Amino acid sequence: MKTNVTLPDGSVRSFEGAVTAMDVAKSISEGLARNVLSAKVNGEVRDANRTLPETCTLALLTWNDLEGKATMWHSSAHVMAEAVEALYPGAKFGIGPAIENGFYYDIDFGGRSVGEHDFAAIEAKFKELASKKETFTRREVGKTDAIKYFTEKGDEYKLELIEGLNDGEITFYQQGAFTDLCRGPHIPDTSFIKAFKILNVAGAYWRGDEKRKQLTRLYGITFPKQKELDEYLVMLEEAKKRDHRKVGKELDLFTFSEKVGAGLPLWLPKGAALRERLISFMKTAQEKAGYVQVATPHIGGKALYETSGHWEKYGKDSFQPMNTPQEGELFMLKPMNCPHHCEIFASRPRSYKDLPLRLAEFGTVYRYEQSGELHGLARVRGFTQDDAHLFCRPDQVKEEFLKVIDLVLLVLKALSFESFEAQISLRDKVDRSKYIGSEENWVKAEQAIMDAAAESGLKTVVEYGEAAFYGPKLDFMVKDALGRRWQLGTIQVDYNLPERFELEYVGSDNARHRPVMIHRAPFGSLERFIAVIIEHTAGKFPLWLTPEQAIILPISDKFIGKAQEVMELLKSHDIRASVDERNEKIGRKIRDAELDKVPFMLIIGEKEAEANSISVREQALGDMGSMTPLQFKELVSERIAKQLSGL
RNA sequence: GCCUUUGUAGCUCAGAGGUAGAGCACUUCCUUGGUAAGGAAGAGGUCACGGGUUCAAUUCCCGUCAAAGGCUCCA
């Protein structure tokens, strides 16, 4: 018997008899063999020490491959479980997968509270076990034997997992004293793991169901070298420095007050200026795209939300209605702007010639978010959407949708977001109770989104269960400093609300027709959008957006008058500038302006006062030499024009 | 909402069963200085809030509120 192996470069190697991926690695080089974590055999990731089929394609996976890392982290989860079992006899185990950065294991410690103070002991035990160079042994187990093993061990979680499996597809992996139900694959032995750290601990419901027991989830990460762990931890610290909650405080952008309430941000003057800048940017873009502005109140009658379906779908879990003292009328804080906008559409007869009607509003909405869910500006209870609703004829849907995609891309470009994901958010495949409207309408809407997304050429991923209750969405997702994904822009096609609000227009055939609605918010919400901008720029905003574009620094107070003249001149050219009039040396003023991330520092001393010039220093880059205030104004205008090209 | 953790000056943080401290920021004065921190003095805290234990609590215990990391949820 021979084994023929095709390697990724296309070359074919022939071996006498049965061989493993590890054998193949050794035949290539000892160095490679020392680094092989697992192997991709005919497209499937498997243990490196399993026998290969007679004919196969083979890719050897190392730490440089995502799948190699995943193998190592999954194996690390097993070792962590082994350490936990040694220290906490009787602990029961849920699931322990590899994740994007590391791994976790959900553990039932049997009523014991395990927290950060326990980490050191677990880490020490882990290192002791890993250094033993225990091998991971795979074994196929019959269902009855598998049930028997975990019944004796008393682990009801594993038993529940086994219930969902069929005879013949159950495998156990054992390393040292620890045996686990596991599909694999695993690294050859534990000696590959050289560095380990428990990152944090969290509660996690068994099978993600909040009605079931909460297990303790330990998050950890491992590396093949201690140095890599150290670097990773430094990187995490650096990421924390970009946290919008920290930077927002340092730059005086926003604050929170216990008295006002959790999740209700207070915008300070600089942060409010930033918002205004974003709003006027969007207003300009929208005016060009044929939108009209409307304005609606922050509350609406309960009947409005009964019509829209909000009351039915989310009434119980939202801020509760408030009533008027005399008449007892019920009003709700608006969770969305669309019902109000539907009523504007319905306020008079509409002709097909009026469509598309694009109603835009920077509408502030209020949503009840569970207290544990609040997160700085990224998840709040009151926020302002750059909302608009496009009422159009069915034949206009695709074109309008494509135009909105362009608008979203323009926004992402102006803020230099290069890495975003476009996600098509569809209905839950099973649970349809969360949604309103007919199957027919949903199919039409889902098709419309997929067609438009395909035509736009966007790369998209499909997620089920992420749709709004009235329709599917195209969502634009961006990551924050710590890699968490947030939804920013969103575009939604809706056949349902026009039906519920009985919206109509008169067609060219003089008959009544139902319009289609597109809901869209390119920023999503100003709050979350600003949070993500802060983390992406670390507070160094693009010139067009930054609250203060230039600060004028007189060398001594003799030149304050001159500095003020320059400031007035720049302001008359729409440059946002101020003067640092403090009684400090120039070095100090520069340092403070640098830390405040003001893009330009304009220095005025004796030389400049005489020559009617300014010395320009660019933030983080340094001295640019001297020029006249008008030359500086040109410099600023050119840069802004470049940043906003396309608007 | 749930699990783990945290809450001391505007900010970052030390501290201890006997009613508090540093650095920065702030105020005043001196200094008028050319590209990342000039000097001196001063002011500033119900130690998150509410109970309890104690001769004595900011410190120990309980509750509430807020914040952090997750889970669930997310119009």
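Just so it is clear, the model here is predicted, and its values are computed rather than measured. Each chain gets a letter, A, B and so on, in the order the sequences are listed, and its residues count up from 1.
Of all nucleotides present, only G7(B) satisfies the Watson-Crick or G-U wobble test against C65(B), with each distance under 3.5 Å. When both pairing distances are held under 3.5 Å, U28(B) makes a Watson-Crick or G-U pair with A40(B). The base-pairing partner of C47(B), taking Watson-Crick or G-U wobble contacts with both distances under 3.5 Å, does not exist among the strands shown. Remark: G34(B) base-pairs with no nucleotide; criterion is Watson-Crick or G-U wobble with both hydrogen-bond distances under 3.5 Å. Under the Watson-Crick and G-U wobble criteria, each requiring two contacts below 3.5 Å, nucleotide C73(B) is left unpaired. With a cut-off of 3.5 Å on both pairing distances, the Watson-Crick or G-U wobble partner of C13(B) is G21(B). Across the strands present, C60(B) finds its partner in G52(B); the criterion is a Watson-Crick or G-U wobble pair with both atom distances under 3.5 angstrom.
As rounded to whole Å, 14 Å separates atom C1' of A36(B) from atom CD1 of I551(A). Atom NZ of K246(A) and atom C1' of C13(B) are 12 Å apart (whole Å). The CG atom of N101(A) sits 15 Å away from the C1' atom of G70(B) (whole-angstrom rounding). Taking atom CG of D596(A) as the reference point, atom P of C11(B) lies 17 Å away to the nearest angstrom. Taking atom CG of residue D580(A) and atom P of nucleotide G34(B), one finds them 16 Å apart after rounding to whole Å. The distance from atom NZ of K558(A) to atom P of G34(B) is 10 Å, rounded to the nearest whole Å. The distance from atom CG of D557(A) to atom C1' of C30(B) is 13 Å, rounded to the nearest whole Å. Between the P atom of U35(B) and the CG atom of D592(A) lies a distance of 16 Å, rounded to the nearest Å.
Side-chain atoms of R245(A) lie closest to A68(B) of the nucleotides G70(B), U35(B), A68(B). Nearest to the side-chain atoms of Y205(A) among the listed nucleotides G1(B), G70(B), U35(B) stands G1(B). For L595(A), the side-chain atoms get nearest to A36(B) when compared with the rest of U5(B), A36(B), U35(B). For I586(A), counting side-chain heavy atoms from C-beta on, the closest listed nucleotide (C2(B), G34(B), U4(B)) is G34(B).
For the C1' atoms, the distance from A9(B) to G44(B) is 6 Å, rounded to whole Å. Taking atom C1' on both G45(B) and C11(B), the two are 14 Å apart, rounded to the nearest angstrom. Atom C1' of A36(B) sits at a distance of 23 Å from the matching atom of A40(B), rounded to the whole Å. Taking the C1' atoms as reference points, C13(B) lies 13 Å from C47(B), given to the whole Å. Separating the C1' atom of U59(B) from that of U53(B) is a span of 13 Å, rounded to the nearest Å. Across the P atoms, A68(B) and U12(B) are found 13 Å apart, a figure rounded to whole Å. When the P atom is compared between A20(B) and A16(B), the two are found 15 Å apart, to the nearest whole Å. A43(B) and U27(B) have their P atoms separated by 16 Å, with the value rounded to a whole Å.
With respect to the salt-bridge test (charged N to carboxylate O, under 4.0 angstrom), the residues E527(A) and R367(A) do not qualify. The pair E156(A)-K213(A) does not count as a salt bridge, with every side-chain nitrogen at least 4.0 angstrom from each carboxylate oxygen. Looking at K479(A) and E100(A), a side-chain N of the basic residue comes within less than 4.0 Å of a carboxylate O on the acidic one, giving a salt bridge. Checked for salt-bridge contact, R207(A) and D209(A) miss the test: no charged N lies under 4.0 Å from a carboxylate O. We find that R591(A) and E584(A) are not joined by a salt bridge, their nearest charged nitrogen and carboxylate oxygen being 4.0 Å or further apart. In summary, K241(A) and E237(A) do not engage in a salt bridge, as defined by a charged side-chain N under 4.0 Å from a carboxylate O.
Formation of a donor-acceptor pair under 3.5 Å by the W311(A) side chain with backbone atoms of L304(A) is not found in this model.
Between R591(A) and A202(A), the residue anchored nearer the 5' end of RNA chain B, judged by the nucleotide with its closest heavy atom, is R591(A). Looking at which nucleotide of RNA chain B each of A204(A) and K249(A) is closest to, the 5′-most match is held by K249(A).
Remark: S113(A) is in phosphate contact with U4(B), judged by side-chain N or O atoms under 4.0 Å from OP1 or OP2. Applying the 4.0 Å criterion to OP1 and OP2 of U4(B), one finds that R217(A) has every side-chain N and O outside that range. When the side-chain nitrogen and oxygen atoms of R484(A) are compared with OP1 and OP2 of G69(B), one or more of them lie within a distance under 4.0 Å. Taking only side-chain nitrogens and oxygens, H375(A) comes nearer than 4.0 Å to OP1 or OP2 of G69(B). Contact annotation: S371(A) reaches the phosphate of G1(B) (side-chain N/O to OP1 or OP2, under 4.0 Å).
Residue N200(A) is in sugar-phosphate contact alone, with no base atom involved, counting any heavy-atom pair closer than 4.0 Å across all strands shown. Contacts of I603(A) with the nucleic acid, taken as non-hydrogen atoms under 4.0 Å apart, include base atoms. L215(A) comes within 4.0 angstrom of no nucleic acid atom, judged by non-hydrogen atoms across all strands. Contacts of H519(A) with the nucleic acid, taken as non-hydrogen atoms under 4.0 Å apart, are absent. The residue F256(A) sits apart from the nucleic acid: no heavy atom pair falls under 4.0 Å. Across all strands shown, G587(A) has heavy atoms under 4.0 Å from sugar-phosphate atoms exclusively, and none from any base. In this structure, E250(A) reaches neither bases nor backbone, as no heavy-atom distance under 4.0 Å exists between it and the strands shown.
Residue-to-nucleotide contacts include no donor-acceptor pair under 3.5 Å from the side chain of E258(A) to the base of A66(B). Remark: the E608(A) side chain and the G34(B) base include a donor-acceptor N/O pair separated by less than 3.5 Å.
In this structure, Y366(A) has its ring center no closer than 6.0 Å to that of F319(A).
Side-chain atoms of H519(A) and D494(A) form a donor-acceptor pair, as typed in the model, at a separation below 3.5 Å. Between the side chains of S615(A) and K607(A), not a single donor N or O lies within less than 3.5 Å of an accepting N or O. Judged by distance alone, the side chains of E608(A) and S626(A) never bring a donor and an acceptor atom under 3.5 Å apart.
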Quick test: give all pairs of protein nitrogen or oxygen and nucleotides 73-75 of chain B nitrogen or oxygen below 3.5 Å, distance rounded to 0.1 Å.
residue : atom : partner : partner atom : Å
C74(B)  : O2   : R379(A) : NH1          : 3.4
C74(B)  : O2   : R379(A) : NH2          : 2.4
A75(B)  : OP1  : Y314(A) : OH           : 2.5
A75(B)  : O3'  : R367(A) : NH1          : 3.2
A75(B)  : O2'  : R367(A) : NH2          : 2.9

